[in-house]
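Please read the structure below before turning to the comments.
Given the structure is predicted, the values throughout are model-derived calculations rather than measurements.
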Amino acid sequence: MAGMPHIIGLAFLLACGCLSVILSCALYSNWLPLLVVLTYIIAPFPNMICKRLAGGGDFMADENRGILETGYFLTSFFVVSGFGLPLVLAHADKITVPAMVMSFLGGVMIYGTIMGYVHFFVTQDEAF
């Protein structure tokens, strides 16, 4: 059972991740790493839309499986893009390497917060 310490820890981790991404932009006077935040915002939408389209009832039905897998694929595309975008921008000399590291670490913290939330607060009903 998740309690108040878990909520406070996740909020702190999320705040540190956002601060790291914003500082990666502000300290080096280049706001391109802020594009990574767009991937954080867009990433959960394919899963939400595809789960709604699949009906959400019997998740093991074959006719719904393709829609769900498409949502998983698109979500993973945005997550990988969130990690890869700072690397590509640094390789193209659009941002500095320290800005890339800060943006990358901010992304790790933000995605870690999402994974922690799913671990502590999302329950799955298992039928026996």
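Annotation: side-chain contact (heavy atoms from CB on, under 4.5 Å) contacts of L35 (sequence neighbours excluded): L32, L85. For I41, the side-chain contact (heavy atoms from CB on, under 4.5 Å) partners are V37, F45, not counting sequence neighbours.
Between the side chain of S76 and the backbone N or O of Y72 there is at least one donor-acceptor pair closer than 3.5 Å. Counting only distance, with no hydrogens or angles, the side chain of T75 and the backbone of A43 share a donor-acceptor pair below 3.5 Å.
In this structure, M109 is not a member of the same hydrophobic cluster as M115, with clusters built from ILVMFWY side-chain heavy atoms closer than 4.5 Å. By the rule that hydrophobic residues join a cluster once side-chain heavy atoms approach within less than 4.5 Å of another member, M102 and L19 end up as members of one cluster. F78 is not connected to V88 by any chain of hydrophobic side-chain contacts under 4.5 Å among Ile, Leu, Val, Met, Phe, Trp and Tyr, and they are in different clusters. V108 and L87 fall within the same hydrophobic cluster, where Ile, Leu, Val, Met, Phe, Trp and Tyr residues are linked whenever their side-chain heavy atoms come under 4.5 Å apart, directly or through other members. Under the 4.5 Å side-chain heavy-atom criterion for Ile, Leu, Val, Met, Phe, Trp and Tyr, I114 and V79 are members of the same hydrophobic cluster.
Pairs passing the salt bridge (Lys or Arg N to Asp or Glu O under 4.0 Å) check and including a residue from residues 67-90, sequence neighbours excluded, read R65-E69. Evaluation of the ring-ring contact (aromatic ring centres under 6.0 Å, His included) test over residues 95-117, restricted to residues two or more places apart or in two chains, returns Y40-Y111, F83-F104, F83-Y111, Y117-F121. Sorted by first and then second residue, the ring-ring contact (aromatic ring centres under 6.0 Å, His included) pairs with a member in residues 10-34 form an empty list; sequence neighbours excluded.
Heavy atoms only, all atoms of each residue included: V36 and G82 are closest at CG1-O, 3.5 Å.
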Do any side-chain atoms of residues 91-100 form donor-acceptor pairs under 3.5 angstrom with protein atoms, and if so which ones, sequence neighbours left out?
| residue | atom | partner | partner atom | Å |
| --- | --- | --- | --- | --- |
| T96 | OG1 | A99 | N | 3.4 |

Could you go through V21 and L34, starting from their C-alpha distance and side-chain angles, then the distance that decides it, and tell me whether this counts as side-chain contact (heavy atoms from CB on, under 4.5 Å)? CA-CA 7 Å; V21 171; L34 203 58; 4.3 Å; yes
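Side-chain contact between P33 and C25 is present, with heavy atoms from C-beta onward closer than 4.5 Å. Residues C18 and I110 meet the side-chain proximity criterion, which asks for heavy atoms closer than 4.5 Å.
Atom SG of C16 is separated from atom CG of L105 by 11.5 Å, given to the nearest 0.5 angstrom.
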